2 protein chains.
Amino acid sequence: MTTLAASKVKGDDDGPVLAKLPREPLHDRVYKELRRALMAARFTPGEQLTLRATAEKMGVSVMPVRAAFNRLVAERAVVLLPNGSVAVPQMSARRFEELVELRATLEGLAVRKAAKAITPAELDALAEISDELTKAGMSGDGELYLDLNKAFKFTIYEASRSPELFGLIEALWLQFGPFMHNYAKDVRAHGVEDCHREVLAALQARDGAAAEKAMTSDISGGAKFLASVATFAP
Amino acid sequence: MTTLAASKVKGDDDGPVLAKLPREPLHDRVYKELRRALMAARFTPGEQLTLRATAEKMGVSVMPVRAAFNRLVAERAVVLLPNGSVAVPQMSARRFEELVELRATLEGLAVRKAAKAITPAELDALAEISDELTKAGMSGDGELYLDLNKAFKFTIYEASRSPELFGLIEALWLQFGPFMHNYAKDVRAHGVEDCHREVLAALQARDGAAAEKAMTSDISGGAKFLASVATFAP
DNA sequence: TTGTGTGATTTGTGATCACAGTATATCACA
DNA sequence: TGTGATATACTGTGATCACAAATCACACAA
C-alpha cells in the first residue's frame with residue numbers, strides 16, 4: 001500500500017516502476033519466427049516443412065510447431081498438403097495478379113480512410129520515413145528499401161483506424177512477402193521511388209482520392225516491374 | 001491382380017463400388033462444427049469457450065479443439081483473451097461499420113469480376129436461386145431467406161474465379177454471420193428483396209458496373225436495416 | 001462492512017507416447 | 001540387371017499427463 005501510494009505520488013499511473021513482463025507462449029514465438037523466415041524468403045517455394053524437423057531445428061517440441069502451422073495455414077501463408085504436411089506456396093501468375101488486384105483495392109481504401117484520420121504526428125513520422133526512403137533508393141540498398149517501404153505503407157494503414165482492414169492487408173503481405181523478397185536486390189533498379197512523395201503530399205493536403213490514386217499506381221507499377229523480372233510457377 | 005483386372009473389365013475406373021472414405025482429421029470436423037455453431041449464433045457474444053468444456057461437450061479430447069481454436073483465432077472468428085482463452089467476439093458499432101465497408105468493397109469487386117467470367121450454367125443456377133429467394137421473401141421464412149441469400153451471393157463470388165478474393169469474403173462472412181443470424185426473423189420485414197433481381201439482370205447483360213452497384217446497395221441497405229434493429233456492444 | 005490473505009479449482013501450455021497411414025529403401029529372385 | 005515384395009523409417013494425429021499461472025471463493029481481521 002505505502003509503496004503503491006508512493007508511486008502514485010510520483011505520478012506514474014500505469015506503473016513504469018516495474019516492467020510488465022509479457023507472458024508470451026512458446027507457440028507464439030515459433031509462429032513469429034516462422035513468419036519472419038517466410039517473409040525473408042528463407043524457404044524455397046514448394047519446400048515441405050515437417051513437424052518434427054522444424055521442431056528439432058528450433059529446439060522445441062512438436063506441439064508449439066503444430067499450433068504455429070495451424071495458424072499459418074489459416075492465414076494462407078503456407079498451403080496444406082493432402083497428407084497434412086505443409087509447404088511454402090508457389091506463386092503462379094494467376095495468383096500474383098489476384099493478390100495485386102486485392103492489394104490495390106484494400107490498400108487504396110486504407111489510404112483514402114487514412115487521409116481523413118491521420119494525425120499531424122503521424123504525418124511527421126511519415127515525412128521522416130519518406131526522406132530515408134529516397135536516400136535508400138539512391139544508395140541501392142534493396143533490403144533497407146523494402147523495409148522502409150513497408151514501414152511507410154503500414155504507418156499509413158495504421159492511421160486509417162481500421163483494425164479489420166489492417167488485418168486483411170497484413171494477410172495479403174504475408175502471402176506476397178516471400179515472393180517479393182526474392183527480388184529485393186532488383187527493386188533498386190526500379191527507379192520509380194517517387195510515388196511515396198506523392199502519397200505523402202496528398203495525405204498532407206487531406207486529399208484522399210489523390211492519395212489513393214498515387215498508392216494504387218505505386219502498387220501496380222511495382223507489380224508490373226516484379227512480373228517482368230520474376231519467374232512464376234505453372 | 002486378377003481381381004483388379006476383373007474390376008477394370010467391369011468398367012468402374014474410379015471405383016464407385018466402394019466409396020472412397022475421405023480421410024478427415026478430427027480437428028477438421030471440430031473446426032467445422034464450431035464454425036457452423038458460430039454462424040448459427042449458438043453462442044452469445046462475449047461468451048468464453050474453454051478447451052476442456054467444449055472438448056467434453058463434443059466428446060473428443062482437448063487436442064482437436066485446440067487446433068480448431070487456433071484456426072478460428074487466426075481467422076478472427078473468435079478473439080483471444082489475454083490468458084489464452086477464446087471468446088466469441090462482440091459486435092461494436094465501429095466494427096460493424098468497418099465490416100460493412102469491407103464487404104461492400106470486396107463483394108463489389110467480386111461481382112464485377114464475375115460479370116466477365118460467369119458461365120451460362122451458373123447464370124441459370126442463379127436465376128433459379130433468385131426465384132426461390134423471392135418466394136422465401138414472401139413466405140416470411142427468415143432462416144430460409146438468409147440461406148438462399150448466402151447461396152445466391154456465394155455462387156456469384158465463386159464465378160469470379162478468384163480464390164483469394166473468395167477466401168477474404170468468406171472470412172468476412174464468418175465474422176458477420178453470428179451477428180446477422182440473431183436478427184434472421186426480422187429480415188423478412190425488410191421488404192427490399194428485389195436487389196438480387198437487379199444483380200442477376202446486370203450479370204446476364206454482362207454489365208459489371210451495374211451489377212456492382214446493385215450488390216453494394218443491397219449490402220449497405222441490409223446493413224442500414226440491421227443497424228436500426230440491432231444493439232451494439234460499446 | 002470492507003479489505004486481505006490463503007487455499008482450491010480451473011485455465012492454457014507443452015511434452016511424451018501410441019498409432020495408422022504412406023513413402024522410401026532394401027533385398028531376394030528371375 | 002531389372003522387377004517384385006517386404007521391411008524400415010517417417011509422416012501427421014490424437015490422447016494423456018505434468019506444470020504453472022490465473023481465477024475464484026471463503027474465511028478472517030480491521
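The figures here come from the full heavy-atom set of this structure, side chains too, leaving out hydrogens, waters and symmetry mates. These numbers come from a predicted model, not from an experiment. Protein chains get the first letters and strands the later ones, always in sequence-line order, with residue 1 at the start of each.
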Can you confirm whether more than 12 heavy atoms, excluding those of B:E128, are under 6.0 Å from its CD atom?
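Result for CD/B:E128: open.
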
Do B:R161 and B:E122 meet the salt-bridge criterion of a basic N to acidic O distance under 4.0 Å?
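Yes, this pair counts.
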
Hey, is A:E97 close enough to A:R94 for a salt bridge, meaning N to O under 4.0 Å?
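Result for this pair is no, no salt bridge flagged.
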
Sugar-phosphate means primed atoms, P, OP1 and OP2; the rest is base. With that split, encode nucleotides 7-18 of chain D 5' to 3' as B, S or - using protein heavy atoms under 4.0 Å.
----BBBBBB-B

Rounded distance in Å - CZ (A:R29) to C1' (C:dT13)
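From A:R29 CZ to C:dT13 C1': 13 Å.
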
Can you tell me how far P of C:dT11 sits from CG of B:L81, to the nearest Å?
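It is 13 Å, rounded to the nearest whole Å.
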
Side-chain donor-acceptor pairs under 3.5 Å in residues 162-180 of chain A, sequence neighbours left out?
residue	atom	partner	partner atom	Å
A:S162	OG	A:S160	O	3.1
A:W173	NE1	A:E107	OE2	2.9
A:Q175	OE1	A:R95	NH1	3.0

Going by the angle between their ring planes, with limits at 30° and 60°, are A:F96 and A:F232 parallel, tilted or perpendicular?
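Taking A:F232 first and then A:F96, their aromatic rings sit tilted (interplane angle of 30° to 60°).
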
